[in-house]
Structure formats: structure tokens, C-alpha cells
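Order of the sequence lines sets the chain letters (A, B, ...), proteins ahead of strands, with each chain counted from 1. We use all heavy atoms of the structure for the numbers below, so side chains are in, but hydrogens, waters and symmetry mates are not.
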Amino acid sequence: MNDYLKKIISDALQKLYPDLELPEIILEKPRIAEHGDMATNVAMTLAKPLRKAPRGIAEELVGALEYDAGQLESVEIAGPGFINFRFAASWLYDALNGALQQGSGFGKSTLLKGKRYQVEFVSANPTGPLTVGHGRNAVLGDTIARLYEWTGAAVEREYYFNNAGRQMRVLGNSVAVRYQQLLGRDMELPEGSYEGEYIVDIARQMTEEHGDAYIDQPDHILFKETAEKVIFADISKTLERMNIRMDTYFNENDLYENGAIDSVLQRLDQKGLTYKQDGALWFKTTLFGKEKDTVLVKSSGEPTYRLPDIAYHAHKLDRGYDVCVDIFGADHIATYPDVLSGLEVLGYDPKRIDVLVYQFVTIVMEGKPFKMSTRKANFVTLDELMDEVGSDVTRFFFLMRSPGTHLEFDIAQAKESGEKNPVFYLQYAYARIRSIMRKVEETLEDAGKADLSLLQHESEVALIKILLDFPEWVVSAAMSKEPHRLINYLNEVAAAFHKFYHDCRIIGEDPGLAVARVTLLKGVAVVMANGLGILGIDAPEKM
RNA sequence: GCGCCCGUAGCUCAACUGGAUAGAGCAACUGCCUUCUAAGCAGUAGGUUACAGGUUCGAGUCCUGUCGGGCGUACCA
């Protein structure tokens with residue numbers, strides 16, 4: 001429809017003003033129903049170049065417009081010079097039929113067809129269970145990956161981790177101390193250790209498997225390796241519970257072993273972008289607008305995380321993805337520009353790295369902000385949260401707000417919300433439809449072909465129009481990396497359905513109308529199921 | 001100090017990236033179930049979009065400044 005409108009508008013413009021360079025024709029959906037189904041502001045944007053009043057241009061344009069009555073019912077001028085289009089009913093019915101034919105594919109597009117996307121997310125080092133603090137990252141990353149799949153891309157999900165750094169050494173040591181304590185040694189956990197109960201569990205597992213074989217080897221690699229293995233198993237189980245499945249777990253250590261780190265250092269050096277000072281190796285980030293240069297390799301010989309970050313991203317691009325998406329919390333906001341600068345001087349197109357920075361989640365417990373720390377074991381795990389409210393509510397909660405805004409997560413409220421939780425509003429709409437369908441199957445014999453033109457009620461027409469918007473909202477949510485847009489849209493679908501349900505009956509109506517309404521219901525079910533599917537949320541048969 | 005993000009109804013947040021009368025959900029109040037799920041529908045009330053300027057046909061949205069909050073600003077990850 002949009003293409004059709006653009007075509008007739010530009011045809012008319014060309015006829016009226018042959019010398020004019022055609023402007024981009026912007027179509028938008030008016031907020032208010034009285035303003036029609038679609039509107040354009042071309043008359044206003046042309047006011048300046050044509051040196052004419054917007055309304056005058058609009059009148060000329062509408063006069064020259066040639067359109068098919070099967071597509072458009074009316075074209076009107078309103079306000080300061082908007083041109084409002086109202087779709088013909090026959091077009092709506094055809095479009096609804098088309099949507100039903102696509103079924104579970106309705107909403108898919110080919111926008112990114114042929115593109116390979118990679119989404120890297122979660123990427124928490126395996127030092128402890130995933131907490132609600134990781135939740136927003138995990139759910140955003142996975143849902144954005146799903147959105148890209150729906151827009152036609154081939155998508156891979158990757159988890160990046162580092163098992164060689166200081167964090168993991170401390171982790172191994174924490175396990176070793178607990179291990180020795182369990183075997184009767186009187187000793188204290190050093191300052192800065194991981195204090196969580198799960199460390200004790202890992203240590204206990206080691207006493208069961210190995211007895212006291214390692215009691216005099218607290219630095220043995222087995223402590224760290226066991227911890228890593230156990231914790232990673234736990235993490236991936238948590239992710240699976242949330243409907244998240246990674247394609248790849250990428251270990252930073254591989255970058256050292258395959259020479260990617262050295263290669264980056266060499267290439268930066270060749271470009272003259274690094275220098276030594278005070279025993280450290282610096283990257284001249286001041287050349288890219290930073291206030292200070294950045295250390296890549298510490299005087300201890302250990303690299304900072306920026307160096308492997310650059311190498312990692314270069315490696316990802318080398319693997320052939322068209323676009324690599326990073327899901328970062330706000331604390332990374334200052335670091336990724338260095339990575340982009342590094343990639344650019346290495347000859348990569350930084351546009352192939354797409355970063356989503358989301359604002360932090362404020363955990364609220366008992367009415368007060370709650371500061372979490374994995375190290376101090378001061379946290380609520382995602383598993384605990386899902387035990388309370390389930391994975392649907394958990395996913396929904398993290399998705400319902402714009403990534404760019406701070407999200408307040410009131411644990412007590414999430415636990416309590418139960419029945420009045422907003423996710424149930426959507427699921428209830430679907431369950432209601434399924435319930436009607438089950439009843440209708442008993443009463444309505446062979447439905448035959450529905451005559452959709454019987455759908456004349458205001459609530460019916462409004463519902464059809466909203467359903468037809470679904471594909472463009474999928475695209476909008478995907479391109480902006482803002483899944484909450486889809487949630488807002490599904491809310492409108494559910495609201496329109498509930499209103500229809502209230503206004504229009506099916507059972508007991510004239511069979512022709514009943515069949516038409518059942519067809520409409522199927523359309524709603526398709527959109528709700530597809531939409532919830534993108535969000536990774538269950539569409540229940542019953543509630 | 002400097003950089004990035006945020007500031008919208010009592011609370012939590014939308015507003016499709018510059019459009020027409022700023023909208024939902026909680027919380028408050030009023031109606032609607034002998035008929036397909038009341039986890040619903042309809043309605044009332046609630047606003048100087050933090051503040052002050054600017055840009056233009058038009059600003060919650062863009063630019064400048066002020067105030068308030070978050071995060072950075074490490075040879076920490």
C-alpha cells in the first residue's frame with residue numbers, strides 16, 4: 001500500500017511540477033483515526049522550494065492524483081496541509097486474506113536477506129550465576145537476534161568470555177580456600193574473594209571427587225577449571241530456561257593462541273599508532289578525539305581488555321559477518337569508541353560494528369535500590385527470579401522498556417504482580433481466542449469460504465487495520481534495536497481484540513458473519529502468536 | 001572538572017526519530033457478567049513534557065545554557 005501511495009503521489013507531482021526534483025515522500029500513520037489511515041506532509045515540505053502555501057500545493061496535488069477506488073476510499077486535505085488517505089474496505093479484506101495465507105510467516109520480511117548478522121551478548125565471565133543484572137542484556141540480545149531473523153538475516157548468537165584473567169584467578173583461589181576449609185583447615189577467605197555459597201558447593205564437589213588430593217596444591221589449575229565448568233553449565237541452563245541458546249562460546253584465550261593479538265599489535269605499530277612509555281604500550285587514541293591515550297599492554301606485560309577487544313572484533317569481521325552487533329551496558333560506553341578507532345585504522349569499516357548501549361537496571365527491593373555485587377554474593381539470580389515469576393514474565397519485564405532508558409525492576413512487584421502483570425494481558429488475548437476456536441469447532445460445521453466484507457463493525461475494521469501493521473512494526477523494532485516497540489504494538493492488538501470481543505459475538509450469530517469473524521480471529525491469533533514468538537514468550541492455549 | 005545517557009500524569013513508562021488534540025499500565029473513583037474466559041470492556045480524574053532561550057509552517061523530539069539523577073573519565077574487567 002505504501003508503495004502504491006508513493007507512486008501515485010510522485011506521478012501527480014511530476015505532472016504538476018515537471019522541473020521539480022522529487023522529494024522523498026514520507027508517509028505516516030496519523031495518531032487520530034479521523035485523520036485517515038495514512039498521511040503525507042509533502043505539501044508542507046514543498047512549500048519552501050515552490051514558494052507556495054502548503055494548502056494550495058495540497059489542493060493542486062489532490063486534484064492531479066489518480067487512484068484506484070479499489071485501493072483508496074478517499075483523499076482529503078486537512079490541517080496545515082496534510083493529505084490524508086483512507087483505505088478502501090476491499091483492500092483491507094484482501095490484505096487480511098493475504099496475511100492469513102502467510103500464517104506463521106506473516107511479519108517476516110526480506111529486508112536483510114542474504115546478510116549474515118552476529119549478535120554478541122551476555123558475555124559475563126563465568127565467576128558466578130547470572131543475576132538479574134545480566135537479564136536485560138541477555139533478553140535484549142536474544143530478542144534482537146530474533147528480530148533480525150524475522151527480517152531475513154542469517155543470525156548467530158555468540159557469548160564471549162575470558163577464563164585467563166585476574167577475575168578467574170581469584171575465582172580459582174576462592175574455591176581452593178573453601179576446599180581446604182571443608183577438609184578441616186582453619187583459614188580465612190582473603191579480602192576480595194568470591195563469597196557466594198556456590199563456591200562452597202563447587203569445593204564440596206571436589207572433595208567428593210578427589211578427596212584431599214589437592215589440599216597442598218591450592219594453585220592447581222583444577223580449582224579454576226572445575227569452577228569454570230560448573231558455573232558455565234549453570235549459566236547455559238539458566239539461558240536455556242529463558243529460551244536463549246547460544247551458537248558459539250568464544251574464549252578470549254583463542255585470540256592469543258591463534259596470533260590475532262600479536263597481529264593487531266604489529267599492524268598498529270606499522271601505522272605508527274603505538275608507543276612505549278613507562279614500560280607500557282600505548283595506543284594514540286588522542287588522534288581520534290580522546291582526551292588521553294590508552295594503554296594496550298601494561299608494564300606487567302599483561303594486555304588491558306581493550307587490546308583483545310579490538311582483536312576480537314577484527315576476528316569477528318574476518319569471519320565474514322556483514323554486521324556484528326554488541327549488546328553493552330552503559331558502563332562500556334567509553335570503551336567501544338577505542339575499539340572502533342582501532343578497527344578503522346586496521347582497515348575495517350566500523351559501520352559493520354553496531355553497538356546497542358542499554359541503560360542500567362535499578363533493582364528495587366523492599367522499596368529501596370539494591371546494589372549488587374557478584375563477588376560479595378549480594379545478588380538475586382535470574383534462576384531465583386524465574387522460580388518466582390517464570391520465564392515469560394522475566395523476558396517481558398526486561399523488554400517492555402526502551403533500552404535507552406533506565407529500567408526500574410521492583411523485585412517485590414514482579415513477584416507479586418501475578419495476575420495483573422502486563423504480559424498476561426497479551427497472553428490472555430491469545431488464550432481467549434483459542435478458547436473461542438475450540439467452542440466454534442463444535443458448533444460451526446464446515447466454514448467454507450468466509451465473506452470478509454461482512455466485517456463492517458467499527459471494532460472489526462479497527463482490528464483488521466491494526467493487524468495489517470504487524471510487519472512494519474517488526475521491521476521498526478529490528479532496525480532500531482528496540483523490542484519494546486513490538487510490545488507496545490502487541491498491546492494495541494490485544495486492546496483492539498478485547499474491544500472487538502466485547503462488541504461482537506460469534507456463537508449465535510448468522511453463520512456467514514460468524515465464519516467471517518472466526519477468520520478475523522485467526523488473523524489476530526497469527527499476529528499474537530508470531531509477535532509473542534519473536535519476544536520468546538509463550539502463547540498459551542488456556543489460562 | 002570533562003564526556004555519554006536520562007528528566008513526560010502521584011508511581012512505572014510510551015509517543016513509530018520533526019507532525020495534527022502528548023498516550024498506556026499501576027494507584028483512586030463510577031458503571032458493565034443467567035449468552036464465546038471479568039486476567040476483560042466503557043467512563044471520570046490526573047500535564048506549563050525539569051527550567052530559560054533559540055531554530056521553522058510545526059518542537060516532548062534538533063541547538064545553546066541552567067538545574068537534577070545515572071554511568072564513565074584506571075597500567076580494574
Side-chain angles (χ1 to χ4, degrees), chain A residues 26 28-32 34-35 39 41 43-45 47-48 53-55 78-82 84 124-125 127 162 165-168 277-282 289-292 294-306 329-335 337 357-360 362 364 400-402 404-410 413 417-429 431-440 443 469 472-473 475-477 479-480 482 484-485 487-489 491-492 494-495 497-509 514 517 521 542-543:
Chain A
I26 296 168
E28 57 191 13
K29 200 169 295 289
R31 254 203 288 254
I32 298 158
E34 287 75 52
H35 293 152
N41 61 353
M44 277 126 80
T45 55
K48 201 163 238 182
R55 280 198 74 108
F82 288 101
N84 296 333
N125 278 344
T127 58
N162 170 22
R166 196 184 57 83
Q167 278 187 359
M168 294 299 288
Q277 188 184 308
D278 304 330
L281 186 74
W282 296 72
K290 288 265 293 199
E291 268 182 46
K292 283 182 68 181
T294 306
V295 172
L296 290 181
V297 181
K298 301 187 249 177
S299 52
S300 65
E302 261 185 318
T304 64
Y305 61 97
R306 264 161 235 243
D331 53 341
H332 283 71
I333 203 153
T335 83
V357 176
Y358 62 90
Q359 295 300 309
F360 272 142
T362 309
V364 176
M400 64 193 284
R401 305 301 182 204
S402 157
T405 189
H406 297 276
L407 168 62
E408 189 162 302
F409 198 132
D410 189 325
Q413 192 186 344
S417 52
E419 298 192 346
K420 48 179 67 164
N421 194 294
V423 68
F424 294 125
Y425 185 72
L426 303 184
Q427 294 184 315
Y428 181 59
R432 240 182 178 181
I433 294 167
R434 297 301 304 153
S435 167
I436 298 169
M437 298 297 224
R438 283 191 295 271
K439 283 231 160 58
V440 160
T443 52
D469 288 341
E472 59 191 75
W473 279 106
V475 169
S476 164
M479 293 301 100
S480 60
E482 293 186 347
H484 77 283
R485 294 187 186 196
I487 287 186
N488 291 158
Y489 164 75
N491 252 312
E492 281 178 31
F497 160 71
H498 286 308
K499 178 152 176 56
F500 158 79
Y501 176 89
H502 186 262
D503 293 345
C504 305
R505 298 194 55 81
I506 292 166
I507 292 167
E509 289 286 351
R517 285 182 172 163
L521 279 192
K542 287 181 186 173
M543 281 180 77

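At the phosphate of B:rA20, OP1 or OP2 sits under 4.0 Å from a side-chain N or O atom of A:Arg31. Side-chain nitrogen and oxygen atoms of A:Lys292 include none within less than 4.0 Å of the OP1 or OP2 phosphate oxygen of B:rC2. Taking 4.0 angstrom as the limit, A:Lys298 places a side-chain polar atom (N or O) nearer than this to OP1 or OP2 of B:rA77. For A:Lys439 and B:rU35, the shortest distance from a side-chain N or O to OP1 or OP2 is not below 4.0 Å. Put simply, A:His484 has a side-chain N or O that comes within less than 4.0 Å of OP1 or OP2 on B:rA15. For B:rC16, the OP1/OP2 oxygens have no side-chain nitrogen or oxygen of A:Ser476 closer than 4.0 Å. Note on A:Tyr501: a side-chain N or O is less than 4.0 Å away from OP1 or OP2 of B:rA38. A sub-4.0 Å separation between OP1 or OP2 of B:rU37 and a side-chain N or O of A:Lys542 is absent.
Counting to the nearest Å, the C1' atom of B:rA15 and the CE atom of A:Met400 are 15 Å from each other. We find that CG of A:Asn125 is positioned 16 Å from P of B:rC76, with the value rounded to whole Å. The interatomic distance linking A:Tyr358 (OH) with B:rC71 (C1') rounds to 12 Å, in whole Å. Summarising the geometry, the separation between CD on A:Glu34 and P on B:rG19 is reported as 20 Å, rounded to the nearest angstrom. Atom P of nucleotide B:rU37 and atom CG of A:Leu426 are separated by 19 Å, given to the nearest angstrom. As rounded to whole Å, 6 Å separates atom P of B:rG19 from atom CD of A:Glu28. A:Arg401 has its CZ atom 16 Å from the P atom of B:rC16, to the nearest Å. Following rounding to the nearest Å, A:Asn421 (CG) and B:rG40 (P) show an atom-to-atom distance of 11 Å.
The aromatic ring of A:His35 is stacked on the base of B:rA20, with the two ring centres less than 5.5 Å apart and the planes inclined by under 30°. Judged by centroid separation below 5.5 Å and plane tilt below 30°, A:Phe82 stacks onto the base of B:rA20.
No engagement by A:Gly508 is indicated, since no non-hydrogen atom pair under 4.0 Å with the nucleic acid exists. Counting any heavy atom pair closer than 4.0 Å across all strands shown, A:His406 reaches a base atom. Residue contacts shown for A:Glu482 include a base, since a base heavy atom lies under 4.0 Å away. When heavy atoms are screened at a 4.0 angstrom cut-off, A:Thr362 is found touching no nucleic acid atom at all. If you check every strand for non-hydrogen atoms under 4.0 Å, A:Ala53 touches nothing. Heavy atoms of A:Ala431 sit under 4.0 angstrom from at least one base atom. Within 4.0 Å of A:Ala280, counting heavy atoms only, lies at least one base atom of the nucleic acid.
For B:rU17, the base adopts the syn conformation, since its glycosidic angle falls within 90 degrees of zero. For B:rC33, the base is syn relative to its sugar; the glycosidic angle is within 90° of 0.
The A:Ser480 side chain lies nearest to B:rU17 when the options are B:rU37, B:rU17, B:rC41. Nearest nucleotide to the side chain of A:Ile333, out of B:rA39, B:rA20, B:rG3: B:rG3. Comparing B:rA14, B:rC36, B:rG40 by their closest approach to the side chain of A:Arg505 singles out B:rC36. Between B:rC16, B:rC36, B:rC41, one nucleotide has an atom nearer to the side chain of A:His502 than all others, and that is B:rC41. For A:Arg166, whose side chain is taken as the heavy atoms from C-beta onward, the closest listed nucleotide among B:rC76, B:rC5, B:rC57 is B:rC76. Distance from the side chain of A:Asn84 is smallest for B:rA20 among the nucleotides B:rA14, B:rG19, B:rA20. Nearest nucleotide to the A:Lys48 side chain, out of B:rG40, B:rC57, B:rU12: B:rC57. You'll find that the side chain of A:Pro80 is closest to B:rG19, out of B:rA39, B:rG19, B:rG40. Across B:rC41, B:rA20, B:rC5, the shortest atom-to-atom separation from the side chain of A:Ile32 is found for B:rA20.
The P atoms of B:rC6 and B:rC63 are separated by 11 Å, rounded to the nearest whole Å. Rounded to whole Å, the separation between the C1' atoms of B:rA9 and B:rG47 comes to 6 Å. Taking the C1' atom of each, B:rU61 and B:rU17 are spaced 7 Å apart, rounded to whole Å. One P atom belongs to B:rU44, the other to B:rC62, and the distance between them is 33 Å to the nearest Å. Across the C1' atoms, B:rC32 and B:rA38 are found 9 Å apart, a figure rounded to whole Å. Separation of the C1' atoms belonging to B:rG3 and B:rG10 is 34 Å when rounded to the nearest angstrom. With both ends at atom C1', the span from B:rU8 to B:rA59 equals 14 Å, rounded to whole Å. When the C1' atom is used for both B:rG40 and B:rG25, the distance is 15 Å, rounded to whole Å.
Between the side chain of A:Asp331 and the base of B:rG72, no donor-acceptor pair under 3.5 Å is found. Scanning atom types as modelled, one donor and one acceptor separated by under 3.5 angstrom connect the side chain of A:Arg485 and the base of B:rU17. Between the side chain of A:Tyr305 and the base of B:rA77 there is at least one donor-acceptor pair of N/O atoms closer than 3.5 Å. Side-chain to base pairing of A:Thr304 with B:rC75: no donor and acceptor N or O lie closer than 3.5 Å to each other.
You'll find the side chain of A:Leu521 reaches within 4.5 Å of the side chain of A:Ile506, heavy atoms only. Side-chain atoms of A:Tyr358 and A:Leu407, non-hydrogen and from C-beta on, never get closer than 4.5 Å to each other. Residues A:Met543 and A:Phe424 are in side-chain contact: their nearest non-hydrogen atoms beyond the backbone lie under 4.5 Å apart. Residues A:Phe82 and A:Glu28 have side chains in contact (heavy-atom distance under 4.5 Å, counting atoms from C-beta outward). Under the 4.5 Å side-chain criterion, counting only non-hydrogen atoms from C-beta, A:Asn488 is not in contact with A:Trp473. Contact of the A:Asp469 side chain with the A:Glu492 side chain is not registered, since no non-hydrogen atoms from C-beta on lie closer than 4.5 Å.
At least one donor-acceptor pair closer than 3.5 Å links the side chain of A:Asn421 to the backbone N or O of A:Val423. A:Arg55 contributes no side-chain N or O that, together with a main-chain N or O of A:Ala43, makes up a donor-acceptor pair within less than 3.5 Å.
In this pair, A:Tyr501 and A:Phe497 present their aromatic rings tilted. The plane angle is within the 30 to 60° band.
Under a cut-off of 6.0 angstrom, the local environment of CZ in A:Arg166 is sparse, with at most 12 non-hydrogen atoms contributed by other residues, nucleotides or ligands.
In this structure, B:rC29 forms a base pair with B:rG43, meeting either the Watson-Crick or the G-U wobble geometry with both donor-acceptor distances under 3.5 Å. Nucleotide B:rC2 has B:rG72 as its partner under the Watson-Crick or G-U criteria, with both atom distances under 3.5 Å. Base pairing analysis places B:rG53 opposite B:rC63; the two distances defining the Watson-Crick or G-U wobble pair are each below 3.5 Å.
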